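All remarks here apply to the structure that follows.
Side-chain atoms are counted along with the backbone in the values below, which use heavy atoms only and exclude waters and symmetry mates. The model shown is predicted, which means the values in this text are computed figures rather than measured ones.
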Amino acid sequence: MCLCLAAVNALSSGPWILVEDLSSVYNDVEVERGAVKHAHKKRKLADGREKTMSSDDEEGLGKGRGRHILVNKTEMPSWSETLESFRTARESWDLLHSHDGLETEFKKICASWKTDSWLWFRIFLSDMIIYQGQYRKALSSLHQMAAVQQPQPGQQSPSGQTSLEHHRALIQQASCHYALGEYRMACEKLLDVVSGLVPPNHESTKTPEDQGRVKTKTRKGNDLRLLPCTSKAVLPFCLQLMLACFKLRAFTDNRDDLSLGHVVVLLQYDWPQGEMLFLKAVDKICQQGSFQYENFFNYVTNIDMLEEFAYLRTPEGGRIQLELLPNQGMLIKHHTVTRGITKGVKEDFRLAMERQVSRCGENLLNVLHRFCINEKIIIIQSLP
């Protein structure tokens, strides 16, 4: 009974989703100290900032004991009671399985009460398995939950979007695949979720807690986070998890302009938190001497990024060859590059950049939502 009450109390303030914490997604790749710091932009890069770790850096998976569950206290006023109820439920479960006699009796009670049909009980069990770091086992549990939560044809929320509660299992599946290093599977689940979301009409402003949270020292280990089951919270989480999936691939020694381009697009969210990672991408482009990403002008509207790429084309910026326009690469490869054609390409780039600057006021979440929907196949195929 204590287990049931505690588990119900943990869910009563929800719905909430237990996922991997992504606080360090922006700052676990450090710009080389010897690299050019783009003085023309007068960027303030904090020298000596220590390298933090996130789940995609670690070889081992999360261990159950001592894992931290992070919450946004503004979003969850009753956070203390919720976390305490979850702790009590976990300890009650452990106690009931600590002795053969207790476990046998508990199984009899579960059978008589038909707990397999209790959705909240399935949610608690999945959360507990995730907390223990048993991601493969959690995936099995979540697949069963997804079948229970599958919406009926035409079932819509009052706002016209598919109920987010039906996406809970998919979001947690994506989080588990990410923790296991299965980035393609993670992105497939994320994009399924995003396709059912409607982005907010306007971007939310950060609370003082949000602004201060990213400045705190990241704990060593795999933390978890309780995420509100709302479009306002889920869409940003999906974008950040996609960034985490592409980040390591984009910054390997092997050249992968497509992954690097996806990273640039995704880094726009929560700017300027990802500025150091963006400068890492710019440094890699400078080392390559060229960069091709024909979706650039479809989805990059951040003014700082636009200025940076415009600078790369100048003599001071290194005259980097940028193929950011559709079919630009084909034009260069299949025609004799006369001075007139080269001038035409430069003029097209200049005009495209001017048009792009006029889009800087667009709702960024709408732009990124459109990126996820329109480029779904390319995004998935970009990962092994």
**Request:** Report the C-alpha separation of L125 and W93 in whole Å, then their side-chain angles, then the decisive distance to 0.1 Å, and conclude whether the side chain to side chain contact (heavy atoms under 4.5 Å, CB included) test is met.
**Result:** CA-CA 9 Å; L125 291 179; W93 180 270; 3.4 Å; yes
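- Comment: D192 engages K376 in a salt bridge, judged by a side-chain N to carboxylate O separation of less than 4.0 angstrom.
- Cluster membership for L266 and L191, using ILVMFWY side-chain heavy atoms within less than 4.5 angstrom, is shared.
- Partners of D257 according to the side chain to side chain contact (heavy atoms under 4.5 Å, CB included) rule, which considers only residues two or more places apart in sequence or in another chain, are R255, Q288, F291, Q292.
- Under a 3.5 Å cut-off, the side chain of S259 and the backbone N or O of F246 do not form any donor-acceptor pair.
- The main-chain N or O of L18 is found under 3.5 Å from a side-chain atom of Q172 such that the two form a donor-acceptor pair.
- Considering every non-hydrogen atom in both V367 and Y299, the closest pair reads CG1-O, 3.5 Å.
- Once rounded to the nearest 0.5 Å, the distance linking CG of L239 with CZ of F371 reads 9.0 Å.
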**Item:** From CA spacing to verdict: side chain to side chain contact (heavy atoms under 4.5 Å, CB included), V234, I171
**Value:** CA-CA 8 Å; V234 167; I171 295 168; 3.6 Å; yes
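- With no hydrogens or angles considered, a side-chain donor-acceptor pair links D21 and S23 at under 3.5 Å.
- Put simply, the side chain of Q268 reaches to within 4.5 Å of the side chain of L368, judged on heavy atoms.
- Cation-pi contact between R90 and Y131: present, with separation from the ring centre below 6.0 Å and deviation from the ring axis of at most 45°.
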**Message:** Applying salt bridge (Lys or Arg N to Asp or Glu O under 4.0 Å) to R359 and E354, what does each step give before you reach the verdict?
**Reply:** CA-CA 9 Å; R359 294 182 56 199; E354 288 180 358; over 6 Å; no
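- Across all non-hydrogen atoms, the minimal contact from L170 to K189 is O-CB, 3.7 Å.
- Residue K73 holds its NZ atom at 13.0 Å from OG of S78, rounded to the nearest 0.5 Å.
- Under the 4.5 Å side-chain criterion, counting only non-hydrogen atoms from C-beta, Y183 is in contact with L248.
- For Q273 and E275, the side-chain atoms include no donor-acceptor pair closer than 3.5 Å.
- Side-chain contact between T301 and Q356: present, with at least one pair of heavy atoms (C-beta onward) separated by less than 4.5 Å.
- Looking at heavy atoms from C-beta onward, V71 lies out of side-chain contact with R225 at the 4.5 angstrom threshold.
- L226 places a side-chain heavy atom less than 4.5 Å from the side chain of L83.
- If you check the side chains of E20 and Y135, you find a donor sitting under 3.5 Å from an acceptor.
- The hydrophobic clustering, which links ILVMFWY residues whose side-chain heavy atoms are closer than 4.5 Å, places L102 and W113 apart.
- Residues A233 and L227 come closest through the heavy atom pair O-CD1, 3.9 Å.
- Here the shortest heavy-atom pairing between W271 and M305 reads CZ3-CE, 3.6 Å.
- Between R319 and T314 the shortest side-chain heavy-atom distance does not fall below 4.5 Å.
- In this structure, CG in L95 is found 4.5 Å from OG in S98, a value given to the nearest 0.5 Å.
- We find the CD-SG distance between E103 and C110 to be 10.0 Å, quoted to the nearest 0.5 Å.
- For W118 and F124, the gap between ring centers reaches or exceeds 6.0 Å.
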**Message:** Please evaluate residues I130 and C176 with respect to the criterion side chain to side chain contact (heavy atoms under 4.5 Å, CB included), reporting the C-alpha separation (whole Å), side-chain torsions for both, the decisive distance (0.1 Å), and the verdict.
**Reply:** CA-CA 8 Å; I130 290 173; C176 289; 4.0 Å; yes
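- Residues I17 and F237 have side chains not in contact (no heavy-atom distance under 4.5 Å, counting atoms from C-beta outward).
- Here the straight-line distance linking atom OG of S141 with atom CG of D127 works out to 9.0 Å at 0.5 Å rounding.
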**Audit row: W16, F86, ring pair (Phe, Tyr, Trp, His ring centres under 6.0 Å) steps and yes/no** = CA-CA 12 Å; W16 301 89; F86 185 52; over 10 Å; no
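- Cluster membership check: L241 shares its hydrophobic cluster with L243, using side-chain heavy-atom separations under 4.5 Å among Ile, Leu, Val, Met, Phe, Trp and Tyr.
- Checked for salt-bridge contact, E362 and R370 meet the test: a charged N lies under 4.0 Å from a carboxylate O.
- Taking NE2 from H369 and CG from L365, the interatomic distance works out to 9.5 Å, rounded to the nearest 0.5 Å.
- Linking Ile, Leu, Val, Met, Phe, Trp and Tyr residues whenever their side-chain heavy atoms come within less than 4.5 Å places L306 and L277 in a single cluster.
- Taking every heavy atom of both residues into account, I320 and C286 meet most closely at CD1-CA, 4.0 Å.
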**Asked** Do V264 and V300 pass the side chain to side chain contact (heavy atoms under 4.5 Å, CB included) test, and can you show the C-alpha distance, the side-chain angles, and the key distance before you say yes or no?
**Response** CA-CA 8 Å; V264 170; V300 178; 4.3 Å; yes
Donor-acceptor contacts, no H, no angles, side chain residues 377-384, under 3.5 Å, sequence neighbours left out:
residue, atom, partner, partner atom, Å
S382, OG, H262, NE2, 3.2
S382, OG, I378, O, 2.5

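- Linking Ile, Leu, Val, Met, Phe, Trp and Tyr residues whenever their side-chain heavy atoms come within less than 4.5 Å leaves L351 and Y311 in two separate clusters.
- Side-chain atoms of S140 do not come within 3.5 Å of backbone N or O of K137 as any donor-acceptor pair.
- No side-chain heavy atom of M276 sits under 4.5 Å from any side-chain heavy atom of Y26.
- Nearest approach of A138 to I129, heavy atoms of both residues: N-CG2, 3.5 Å.
- Under a cut-off of 6.0 angstrom, the local environment of NE2 in H97 is crowded, with over 12 non-hydrogen atoms contributed by other residues, nucleotides or ligands.
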**Request:** Let me see the working for F309 and F296 under ring pair (Phe, Tyr, Trp, His ring centres under 6.0 Å), right down to the final yes or no.
**Result:** CA-CA 10 Å; F309 275 91; F296 182 89; 4.7 Å; yes
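- Of the possible polar contacts, one joining the H99 side chain to the G101 backbone as a donor-acceptor pair under 3.5 Å is found.
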